[in-house]
Every structure is written in structure tokens, then in C-alpha cells.
Amino acid sequence: MDANALKKAAAEAALAYVEDDTIVGVGTGSTVNFFIDALASRRARITATVASSEASAKRLRDLRIPVRELNDTDGCEVYVDGADEVTEHLAMVKGGGGALTREKIVAQASRKFVCIADASKLVGVLGRFPLPVEVIPMARSFVARELVKVGGMPELRQGVATDNGNLILDVRGLTILDPVELETRINQIPGVVTNGLFARRPADVLLLATPEGVKTYKRPR
Ligand code: 5RP
């Protein structure tokens, strides 16, 4: 099975977590695009969606799926999003698509987070994928020097401005043994808007598509 077939399988499995008459949080990326396409068949049964990026909002609207601002809701029943890396404990690195800040907000504002991914995203230790950090533009150099002190090698993502008008530093060379501690530490650097570690609020469910089928991992409560 190629990567797209696996992404589609994980995305379609997530429909089982979408309840009628609820607000659905929708992430960003190629795996989520398959979820959006599948969600079109449910457009009349859900109340609305909240999108984590302008790109996802556009794809949803193009498919005539209703989109609301997060401010106009009381949060989402479920949030469905992909990951760049995920562990069996359901901590993730996200932000490869640059949407990490809105993703973290919508995830936090949702009662259940369902991560959809193909098997290549499962890792024992986070950090092989460069950790995205969204920064306020005037703080770029300062934040980069602070990230070196944390042990990383930050590199400016060229030609990218986030939906919030900020920049992304991609940090290589981190072996993330304690993702909650590192997420908290990087958040303390003035000028950092968000970092791509999703460990303080991990996923509740991981739907991991493998050639043998979609495996479900649940976070212990
Ligand atoms: C975007 C994200 C995506 O969820 C992550 O990059 C995975 O994307 P894809 O499904 O295309 O592999 O965090 O900011």
C-alpha cells in the first residue's frame, strides 16, 4: 500500500468518532485532506466544523461543509488531525505544515483528540523530525540563540509566514526524552508563540494505518 492509501484509511476510520449534531475540529495536512473529503458525506449531519488553518477552511468550504470561527462555538466535540511524529503514548510533533498554533488551540478546545497517521509516523522517541517553533518575527534571532542553549539547531523555514503572520524555526538535533518538560521549557522563551510538541495535551486516540489494517491506540485515562 502506498502512503496515500494508508493516510486515506486512517482518515476514513476517524469518521467513526464524528457524532451527529456536533462541532468537529479539523486539522491541517495531507492526511487531514482525506478526512475532509470523507467528512463531505456527513455534511448534513454535523453542526459545523472549526478549521485549524486557512487551507483547511477553504477545502471544507469548497466541499460545502459549514465552517465556524472557534470564537462562535463552545469548543469542539472531537478534533481530528495528523502528526509528523507520534509515540505509543500519543505525544506528537506537529507543525510540518506550519499550522501548529491554531492546531494546538483547537486541540485544547476539543473534548477528544483523534490523531490520524500512517505507520511511518510512529516513533519510539520524538525528535527525528525537526521541531517547528512559531516565533514573533522581531524575536527570531533571540529565540534561535535560546533554542541552541536547549540543545537544538534551529533553521528559519524560508519563505513561510504562518496564518498568524509569524515565522517558523525548524529545530534539528533534539532527542526528546521528556516531551512535556521540553514543550513547557520552549514555551517559556519570550517571542515563542507555540512549539510543535503536543505532549501536555496529547491525542486521546491514535488511528495508525498499517498495511495490515488501521490500529487503534488509546491514551489511558
Ligand atoms: C500541519 C501538521 C500536520 O498534521 C503534519 O504536518 C502532518 O501532515 P501530513 O498529514 O501531511 O503528513 O501538523 O501543521
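Counting starts at 1 for both ligands and their atoms, in listed order. Remember, predicted model here, so these are calculated numbers, not experimental data.
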remark   = For Thr28, the atoms of ligand 1 under 4.0 Å from one of its heavy atoms are 1 (C), 2 (C), 3 (C), 4 (O)
key: Presence of salt bridge, Asp204 and Arg111, under 4.0 angstrom   = no
key: Taking atom 10 (O) of ligand 1 as the reference point, the nearest protein heavy atom with its distance   = Thr31 OG1, 2.6 Å
query = Between Asn164 and Glu134, is any side-chain donor less than 3.5 angstrom from a side-chain acceptor?
reply = yes
query = Counting from 1, what ligand 1 atoms have a heavy atom of Gly98 closer than 4.0 Å?
reply = 14 (O)
message = Considering Lys121, Lys94, Glu103 one by one, which has a heavy atom nearer to atom 14 (O) of ligand 1 than any of the others?
response = Glu103
message = Exactly one of Tyr79, Tyr17, Phe35 should register a side-chain contact (heavy atoms from CB on, under 4.5 Å) with Val24. Which one does?
response = Phe35
query = Judged by modelled atom types alone, do Ser30 and Lys7 share a side-chain donor-acceptor pair under 3.5 Å?
reply = yes
request  = Write down the atom of Leu90, the atom of Pro202, and the distance for their closest heavy-atom approach.
outcome  = O-CB, 3.1 Å
inquiry  = Which residue and atom name correspond to the protein heavy atom nearest atom 5 (C) of ligand 1, and how close is it?
reply    = Asp84 OD1, 3.2 Å
ask   = So between Ala83, Gly29, Gly97, whose heavy atom ends up nearest atom 7 (C) of ligand 1?
value = Ala83
key: Numbering as shown, the atoms of ligand 1 that approach Gly82 to under 4.0 Å (heavy-atom distance)   = 4 (O)
key: Under 4.0 Å to a heavy atom of Ala99 - the qualifying atoms of ligand 1, by number   = 14 (O)
Whichever hydrophobic residues join Ile189 through chains of side-chain contacts under 4.5 Å = Val93, Val123, Leu126, Phe129, Leu131, Val133, Val135, Phe142, Val143, Leu147, Val150, Leu156, Leu167, Leu169, Val171, Leu174, Ile176, Leu182, Ile186, Val192, Leu197
query = Considering only heavy atoms of Asp81, which atoms of ligand 1 have at least one such atom less than 4.0 Å away?
reply = 4 (O)
request  = Using side chain to side chain contact (heavy atoms under 4.5 Å, CB included) as the criterion, list what pairs up with Thr184, not counting sequence neighbours.
outcome  = Val180, Gln188, Arg200
ask   = Which bit of Val32 gets closer than 4.0 Å to ligand 1, counting heavy atoms only: side chain, backbone, both or neither?
value = neither
query = In the protein, what heavy atom is nearest to atom 11 (O) of ligand 1, and what distance, to one decimal place, separates them?
reply = Ser30 OG, 2.5 Å
Where ligand 1 meets Gly95 - atom numbers and elements under 4.0 angstrom, heavy-atom basis = 2 (C), 13 (O), 14 (O)
key: N/O donor-acceptor pair under 3.5 Å between Arg68 side chain and Thr47 backbone   = no
